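On a predicted model such as this, the values are computed, not experimentally measured, just so you know. Ligands are counted one by one from 1 in listed order, and the atoms in each one are counted from 1 as well.
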Amino acid sequence: MGVFISQLKLDSWESGLYDMRIRLLPEPPTSGHIEMIMVTSKTVENLKGLPTAKEQNLLLKSLEGEEPLAVLYAQNLDELQGTNEEKLAFAEEAQKFTNLFMISQDLEMKGEEGKLKLAAPLNTIELFPGPRTADKVVLALDEVTRRMMLTYQDRQMLHPYIAGIVNPEVTSKKNIRGVFEFFDSEQVYISYRKAGTYPQTSFEDIIGRKFEAGRFKNKIVLIGNDHGGSVRDYVKTPFSKDAKAMTLVELHANMLDTLIQNKAPIQASPWLNVIITILTSILTVHVLFTKKPVQSLTILAATGGALLVLGAFGFWPAGYWVKMAHPFLAIFLCYYFFIPYRLIIENRRSWEYYQKNKLLSQVEELKGNFISMMSHDLKTPLARIQGMTDMILKDTQPLSSTQREAVDTIRHSSDDLLKFISAILNYGRIESQGVELHMQSRDVNSLLKDVIRKHEFLAKVKRIPIEFESEPLFPIQVDPELMKQVFSNLIENAIKYSPEDSQVRVHSEERDGKVVVTVADQGPGIPQDEVTNIFMKFFRSKNAKSSPIKGSGLGLYLAKYFTELHQGRIFVESTYGKGSTFTVELPLEQGRSHA
Ligand code: ADP
């Protein structure tokens, strides 16, 4: 894509960006070696017509003592009015100047040398080709002169010759900055100043000798028209596309000054353009596919800005003209070309996500239904088993010791199974209907006492004393049944997972506006990688699963769920192998919103 874009012809855009730089960046100062003499509409009014040969003669006479370095006519002397004698006198006066030329718009081809001549008797005045080159090929079709010829078919043009008088460095083409080949000529770009930058004096002021002596000494004097009589005397510029934007004379002044100062802009290598274009294309596509829409727009706008700054800094002060149209187009084209792809990808992703979600919720529902159905159907036969075992145990007929042992085992196992089924049923109900809180003002210590009492038997069997350290607490708003389930689960786990002859400590206190209950045991502890999972539904640790300790993996999940309904918090601190401490924090002041 980038390579393709860099091959497009974008001359009009490029010239626009080039001109923008010329317009916006500070203008370099002039060399101060150029003076312009203008035939204005006022001159025509005063002289009652365009200057004749006689008046041109007077002009040269006024300039003679000033010893200018060169006198250049940007006027067509073939159109000069006057008698033969007057013209001859003017031509003779012209011979007194060392570098007096008329600037020719025409070129001499190889083999035609000497054909460019003024008509007699002005044929002693030399015509020197210094054409203006409308940019119909290099930059755009807008007829703005942005470049000048140094040579044509190896013949030197006027401007480098004249500039060489002031700055001998540029007499050798090797030393001229920014030279490029164009067909049969060598050229440079013009370093432009705005119209009206170069000093100018009116024709009649010169013949009336109304100028301070020495003004034209060692200057290059350009003579031309600014009377508005012909569009041929004007040019368009990078500053303005108006047909009369600048006088032809001042264009020549700009050309000469570019060479005198030897500051023509250098066009950066086309390779640089290709590379920058490819890089911007890659960046655009990358940003488009990896960043969020607003982010990618910001990044691309910043890239555009950076390109402008790069272009501006290249041009000023370094004098490098780095092309910018292609990278800019790359940003736009890549953006609009790839945005549909991005939309398609995103649409597909959200569709897949939606489908997966739908499937997941169906599975969840099925699971829920299955669990509650199954557990319900299990409960009835189980109740029957329990009823039968109770009957056997209560029977007056004594049982043999093996029989009694077998019936006891049946009784215990069915108890375990019932607990398990109840837990699952409980969970199923909560999942499908949610929980309603029945808040009452209760002392958490009394709830804890109830729970501990219930577990004393189990603890005694394993010879685990439950130590209860309580600080007096204010009653708080809780759902006693749910909170009892929470504490019951923690205490039951502590006893269940601890070895015989260890100890469980329950502690309660008020701290930082909260009731804090901790249940600590000296059991196996929880491995670090499982700590974050134990509050997830159905999660059982690897050790628990491989041990004979029974459980559903729902206890802690529900404990967390119920605690959070109370706007509380539950967490565990555990050292693997040394024991665990579960903490429940309940706010003293209940918030208003309950599930
Ligand atoms: P279970 O029915 O398996 O006890 P819980 O949700 O109550 O389910 O606990 C989840 C897991 O957390 C348990 O399987 C166990 O591995 C671990 N666990 C809970 N309490 C303790 C404890 N006091 N000591 C060690 N591990 C515990």
Side-chain angles (χ1 to χ4, degrees), residues 367 371 374-375 378 412-431 435 448 451-452 454-456 458-469 481-508 516-565 568-585:
K367 200 177 76 189
I371 288 174
M374 279 300 291
S375 21
L378 283 174
H412 277 130
S413 300
S414 51
D415 268 354
D416 284 345
L417 193 56
L418 191 65
K419 249 195 227 162
F420 180 76
I421 292 167
S422 303
I424 289 185
L425 259 180
N426 214 356
Y427 158 76
R429 209 183 50 240
I430 287 163
E431 284 280 284
V435 185
L448 283 170
V451 174
I452 291 169
K454 261 195 204 144
H455 287 88
E456 251 158 11
L458 187 66
K460 222 172 249 159
V461 173
K462 287 180 85 175
R463 291 186 302 282
I464 298 176
I466 304 177
E467 214 173 285
F468 181 35
E469 301 159 347
E481 282 317 307
L482 294 189
M483 279 325 290
K484 270 204 239 170
Q485 267 201 57
V486 173
F487 298 136
S488 171
N489 184 263
L490 295 184
I491 292 168
E492 189 186 318
N493 276 353
I495 300 167
K496 201 160 75 169
Y497 292 105
S498 293
E500 290 183 352
D501 296 315
S502 62
Q503 200 185 38
V504 170
R505 298 172 67 169
V506 180
H507 179 89
S508 70
V516 182
V517 176
T518 53
V519 179
D521 63 46
Q522 296 166 337
I526 299 154
Q528 201 53 39
D529 58 330
E530 293 189 341
V531 164
T532 45
N533 296 332
I534 56 167
F535 294 102
M536 278 165 33
K537 52 183 156 184
F538 297 115
F539 180 86
R540 300 203 70 208
S541 77
K542 271 185 245 111
N543 291 345
K545 274 192 272 187
S546 56
S547 77
I549 304 168
K550 292 185 194 69
S552 59
L554 284 170
L556 287 181
Y557 167 73
L558 290 177
K560 184 171 152 72
Y561 185 64
F562 294 157
T563 311
E564 284 173 359
L565 281 182
R569 207 160 73 96
I570 184 167
F571 55 90
V572 63
E573 288 154 300
S574 175
T575 318
Y576 190 44
K578 291 233 170 103
S580 326
T581 305
F582 284 82
T583 306
V584 175
E585 291 176 351

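Proximity of I495 to I466: side-chain heavy atoms (C-beta onward) are separated by under 4.5 Å at one or more points.
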**Study point:** Residue pair E492, K454: steps toward the side-chain contact (heavy atoms from CB on, under 4.5 Å) verdict
**Key:** CA-CA 10 Å; E492 189 186 318; K454 261 195 204 144; over 6 Å; no
Point to revise | Steps toward side-chain contact (heavy atoms from CB on, under 4.5 Å) verdict (S488, H455) | key: CA-CA 8 Å; S488 171; H455 287 88; 3.1 Å; yes
Practice item. Before giving the answer on side-chain contact (heavy atoms from CB on, under 4.5 Å), spell out for Y497 and N543 the whole-Å C-alpha distance, their side-chain angles and the decisive distance to 0.1 Å. Key: CA-CA 10 Å; Y497 292 105; N543 291 345; over 6 Å; no
Check your understanding: Which is it for F582 and T518 under the side-chain contact (heavy atoms from CB on, under 4.5 Å) test, yes or no, and what are the steps along the way?
Key -> CA-CA 6 Å; F582 284 82; T518 53; over 6 Å; no
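Protein residues are said to neighbour a ligand when one of their heavy atoms lies under 4.0 Å from it; for ligand 1 these are N489, N493, A494, K496, Y497, D521, G525, I526, I534, F539, R540, S541, A544, G551, S552, G553, L554, G555, L556, S580, F582.
Legend: residues meeting side-chain contact (heavy atoms from CB on, under 4.5 Å) with T563, ordered by chain and number and at least two apart, are V486, I570, V584, L586.
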